[in-house]
There are 2 protein chains.
Amino acid sequence: MSETRQRIVAAATELFHRHGFQATSLAAIQQHADVRGGSLYYFFRTKEELLQVTLERYSEILDEAIMDPAFAGAEDPIERVFEVLGQYRSMLVATDFALGCPIGNLAVEMVECGPEIREGLIGDFDLWSRKIEACLDAATDRLPPGVDRTRLAGFVLVVMEGAVLVARGRREIKPFDDAVAQLRDYFDRLTAATPSCEPDAGRVGPDTTNAS
Amino acid sequence: MSETRQRIVAAATELFHRHGFQATSLAAIQQHADVRGGSLYYFFRTKEELLQVTLERYSEILDEAIMDPAFAGAEDPIERVFEVLGQYRSMLVATDFALGCPIGNLAVEMVECGPEIREGLIGDFDLWSRKIEACLDAATDRLPPGVDRTRLAGFVLVVMEGAVLVARGRREIKPFDDAVAQLRDYFDRLTAATPSCEPDAGRVGPDTTNAS
DNA sequence: GTCTATATATTGATAGAC
DNA sequence: GTCTATCAATATATAGAC
C-alpha cells in the first residue's frame with residue numbers, strides 16, 4: 001500500500017465528508033494530500049473511483065469514530081444504541097454542524113451514479129444497521145416478544161439520518177435532541193410493554209413523553 | 001409577474017428537486033424554460049438568488065402536491081399524518097427514487113450558503129412541522145396528557161426525512177415502509193396509553209409491532 | 001425585456017518528461 | 001511513481017445590440 005495513496009484517500013475522506021462529492025475538486029484533494037499535479041490518476045482512473053474507495057474507508061471509520069467509543073460509553077445494550085446517537089450529536093456540535101453523516105450526505109447527493117457507488121452506500125447502511133441490531137438482540141428479553149429487531153434497527157438508522165439532516169438544515173441541535181428524546185420515549189414504552197396488565201406497567205406515564 | 005420569470009422559476013423548481021443545486025447548470029434551466037441566453041440575469045442576479053425564490057415556491061408546492069391531497073385522503077387527524085407520509089412514498093415509487101424531499105436535499109447540499117438560503121430552509125421546515133402539529137392538536141384527546149405535540153410533529157418530520165433518505169440511498173421502498181410501520185406502532189402505543197391500568201390497555205400487544 | 005456573443009475561471013482528465 | 005504542462009469542456013456571470 002503506497003503511502004501516497006493513503007494520503008489521497010485520507011484527504012478525499014475528509015473533504016467529501018465536509019463539503020460533499022461535487023463541491024470537492026480534485027485540485028483540492030491534491031492540495032490537501034500534498035500531492036502535486038495529476039499524479040492522482042496513477043491510483044484512481046476517475047473521481048468516482050476515488051469515491052468508491054472512500055466509501056469502503058467509511059466502513060472502517062464507522063468503528064473507529066462512532067461504534068467503538070459509543071460501546072465503550074455504556075454496557076447496557078439499549079444505552080449503547082443511544083450512545084451511538086450521542087456520537088453524532090457530539091460531531092454536529094463540535095464542528096458547528098459542518099460534519100453530518102458521510103453516508104447520508106452521499107445518499108442524497110449521488111442521485112445518478114454507477115452501481116459500484118450504490119453498492120458501497122448500501123453496504124455501509126447494512127453495516128450500520130447490523131451493529132444496532134446486535135444491541136437489540138442483546139436486549140431481546142426486555143423487548144416485546146413479537147418485535148422485529150431488524151426493522152427496529154432500521155428505524156434507529158432512519159431517525160439518526162433524519163435528525164442529523166434537520167439539525168444541520170436548521171443549524172441548531174434542538175431538533176436532534178428532540179428526536180432522540182422521542183425515540184427514547186418509544187423505547188421506554190417498548191421495554192415497559194407487557195402482554196397483560198402488570199405492576200411496573202405504570203412506567204407508561206405522561207412523564208417520559210415530556211422529558212427534556 | 002412576468003410569464004418568462006414564472007417559467008424560469010418553474011424550471012429551477014423541478015431541476016433543483018431532481019438533480020440538486022450544484023448539479024443543475026443555469027444553461028439547463030434556460031433550456032428547460034425555453035429562455036435563450038443570459039436573459040435569466042435580468043430577473044436574478046445570481047444562481048443562489050434563484051434558489052432563494054425556489055425555496056419560497058416550495059412552500060406553495062407543499063400544499064398543492066403534498067398536504068392538500070393527503071388531507072383529502074382522510075378525515076381522522078392522525079390518519080392524515082400518515083397520509084402525508086404516503087404522499088412521499090408515492091413520489092418515491094412513481095419516480096423510481098429520483099425525487100425525494102426538495103427541502104431535505106437542499107439541507108444536505110447547502111453546507112455553506114448565505115443567510116437567505118438558511119432562512120428559506122428553516123421557514124419550509126417550520127411550515128411542514130406546523131401542518132403536522134395542527135393534526136396532532138386535533139387529536140389531543142387521544143394522546144397522553146403530557147405529550148409535547150410540537151416535539152412529536154418534529155419527530156414525524158425527522159422520520160420522513162430519514163426514511164426518504166435511506167430509501168433513496170438503497171433504491172428500494174422497504175426501508176421507508178418499515179420506518180412508517182414503526183412510527184405507526186409508536187402512535188398506536190401513544191394513543192393506547194392511559195395513566196393507569198384500564199381495560200383497553202390490551203392494545204399494547206406484540207401484534208402491532210410486527211404488522212407489515 | 002430578450003437576445004447573441006463572450007469573458008473568466010474552474011473543472012475532470014491526459015500526455016509525456018524524469 | 002511523481003512531476004509539469006496542458007487539453008477540452010463546462011461553469012457562472014457580463015456586455016451590449018435590438
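Proteins come first, then strands; the chains are lettered A, B, ... in the order of their sequence lines, and each starts at number 1.
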For DNA chain C, find the residues of residues 27-34 of chain B with a heavy-atom distance under 4.0 Å and give them by number; none if there aren't any.
none
Encoded 5' to 3' (Watson-Crick or G-U under 3.5 Å; [ ] crossing; | other strand), DNA chain D becomes ||||||||||.|||||||
Contacting residues from residues 35-48 of chain A, given that a heavy atom lies under 4.0 angstrom of DNA chain C
A/Gly38, A/Tyr41, A/Thr46, A/Lys47
Close side-chain approach of B/Ile29 and B/His32, heavy atoms under 4.5 Å
no
Would you mind checking if A/Lys174 and A/Glu172 are paired as a salt bridge, meaning a charged N to carboxylate O distance below 4.0 Å?
no
One thing to verify: whether A/Arg57 and A/Glu14 come together as a salt bridge, which I'm taking to mean a side-chain N less than 4.0 angstrom from a carboxylate O.
no
State whether B/Arg142 and B/Asp76 are salt-bridged, where the test is any N-O pair (Lys NZ or Arg NE/NH1/NH2 against Asp/Glu carboxylate O) under 4.0 Å.
yes
Would you please classify the geometry between the A/Phe16 ring and the A/Phe21 ring as parallel, tilted or perpendicular, with 30° and 60° separating the classes?
tilted
Least distance between heavy atoms, A/Arg151 atom then B/Gln182 atom
NE-OE1, 2.9 Å
Indicate yes or no for a side-chain donor-acceptor contact from B/His17 to the backbone of B/Gly100 under 3.5 Å, with no hydrogens or angles considered.
yes
Of B/Arg168, B/His19, B/Arg18, the one forming a side chain to side chain donor-acceptor pair (under 3.5 Å) with B/Asn105 is B/Arg168
Just checking A/Tyr88 against A/Phe176, ring centres under 6.0 Å apart?
no
In chain order, what residues pass the salt bridge (Lys or Arg N to Asp or Glu O under 4.0 Å) check against B/Arg184, with sequence neighbours excluded?
B/Glu79
Heavy atoms, side chains only, cut-off 4.5 Å: are B/Ile8 and B/Phe44 in contact?
yes
Is the shortest heavy-atom distance from the side chain of B/Thr4 to the side chain of B/Val35 under 4.5 Å?
yes
Can you list, by residue number, the residues of residues 10-17 of chain B that have a non-hydrogen atom closer than 4.0 angstrom to DNA chain C?
none
What orientation do A/Phe155 and A/Tyr186 show, parallel under 30°, tilted 30 to 60°, or perpendicular over 60°?
perpendicular
Going 5' to 3' along DNA chain D, between which two nucleotides do contacts with chain A fall, using a heavy-atom cut-off of 4.0 Å?
D/dG1 to D/dT4
Does the side chain of A/Leu51 come within less than 4.5 Å of A/Met110's, by heavy atoms?
yes
So, the side chain of A/Lys131 versus the backbone of A/Asp63: is there a donor-acceptor pair under 3.5 Å, distance only?
no
